[in-house]
Amino acid sequence: MPELPEVETVRQGLARWVVGRRISTVEVRHPRAVRRHLPGDRHFADVLAGRTVLDVRRRGKYLWLPLDSTDAIVGHLGMSGQLLLQPRGAADELHLRVRFGFADDGPELRFVDQRTFGGLAVSAGGAQLPAEIAHIARDPLDPDFSATDFVAALRRRRTEVKRALLDQTLVSGVGNIYADEALWRAKLHGSRPTDVLTRPAGTRLLDQVRDVLTEAIRAGGTSFDALYVNVNGESGYFDRSLNVYGREGQPCPRCAAPIRREAFMNRSSYSCPRCQPRPRR
DNA sequence: AAAGTCTCCTGCTTGC
DNA sequence: TGCAAGCAGGAGACTT
């Protein structure tokens, strides 16, 4: 599942292979992929034809591609979205949703998405920061992210710490996998209430979030279920470094207690019952 | 207003 | 064997 490290890996690939190229044709194969582009799929294709990609930027799990028109292509991979570079004429993927051809006749950019939770849109005048993602907080690897402000905001919340980590308006880029991994590293149970977390505990947690995200980027991301690949179709290998996520019943790498799985928001949380005791309520 | 829940979607896995 | 339910989950819409 694409979280910050996976999206950053894709960003780096796009920066290498797409920046400076002029879009010639856009084919929307499935309108749901551009459902957030309110003027519709025809407009999406028309407004992009002839535009040159100037850069590839990211905030949290969102990508945007500033164009020479001051607009930007905004993208989110959702659960299963992939941005792939493929030679012209290569067979269509089963879940191909959008195809971009370039004026240089080089490789196409394809948006492929099995579960269709992801999508693309054109942000009018959004080259600097698309309005569509202005509500998303900076991510913890952003040089302008303030640790002090984050910890203060965390402690003002009246919720559980894992819910707070997943709230993209508080800190962006963290999803279920890296939330569980950071909480394990910080030896905190995700149900711990945020308002009684000490400042040092909040800072330690943020440090662990940053560490796990940075290490995962170095590994090219986590390809837990093969739905995530980079722009060249290659898997990341951080799944080998996961300590708790998806490891129910296996020994905690720190204390050997069997990893526990608990229901959380209609999904699962993984933690060590000994290193991360559940808070008394 | 903030916090919590529901819904969108497909394909693989599990169970009767 | 076949069908149905369960599961994966990001984030916007909706409810409390």
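Labels below follow one simple rule: chain letters A, B, ... track the order of the sequence lines, proteins then strands, and each chain is numbered from 1.
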Peer 1: Within the structure provided, determine whether A:Val231 and A:Leu84 are in side-chain contact (heavy-atom separation under 4.5 Å).
Peer 2: no
Peer 1: Once you round it to whole Å, what is the distance between C1' of C:dG10 and CZ of A:Arg58?
Peer 2: 16 Å
Peer 1: Round to the nearest Å and state the distance from A:Tyr228 atom OH to C:dG10 atom P.
Peer 2: 15 Å
Peer 1: Do A:Asp113 and A:His30 make a side-chain contact, defined as non-hydrogen atoms from C-beta onward lying under 4.5 Å apart?
Peer 2: no
Peer 1: Verify side-chain hydrogen bond (donor to acceptor under 3.5 Å, both in side chains) between A:Ser271 and A:Arg260, making sure each step is shown before the conclusion.
Peer 2: CA-CA 5 Å; A:Ser271 60; A:Arg260 117 187 104 191; 3.0 Å; yes
Peer 1: Whole angstroms only, please: what is the CZ-C1' distance between A:Arg35 and C:dA11?
Peer 2: 10 Å
Peer 1: So if I apply the side chain to side chain contact (heavy atoms under 4.5 Å, CB included) rule between A:Glu93 and each of A:Gln86, A:Gln82, A:Arg29, which one comes out positive?
Peer 2: A:Gln86
Peer 1: Describe the nucleic acid contact of A:Ser268 in one word from base, sugar-phosphate, nothing, applying a heavy-atom distance below 4.0 Å.
Peer 2: sugar-phosphate
Peer 1: State, yes or no, whether a side-chain contact exists between A:Leu165 and A:Leu154 at a heavy-atom distance under 4.5 Å.
Peer 2: no
Peer 1: With the sugar-phosphate defined as primed atoms, P, OP1 and OP2, and the base as all remaining atoms, what B/S/- string results for nucleotides 3-12 of chain B, 5' to 3', for protein heavy atoms under 4.0 Å?
Peer 2: SSS--BBBS-
Peer 1: Using five base pairs at each end, measure the axis-to-axis angle across the helix from B:dA2-C:dT16 to B:dC16-C:dG2 and round it to 10 degrees.
Peer 2: 60°
Peer 1: Sort me out a list of protein N/O and nucleotides 12-16 of chain C N/O pairs below 3.5 Å, or just none if empty.
Peer 2:
residue: C:dG12; atom: OP1; partner: A:Tyr62; partner atom: OH; Å: 2.5
residue: C:dG12; atom: OP2; partner: A:His135; partner atom: NE2; Å: 3.1

Peer 1: Is it the case that more than 12 heavy atoms not belonging to A:Gln128 sit under 6.0 Å from its CD atom?
Peer 2: no
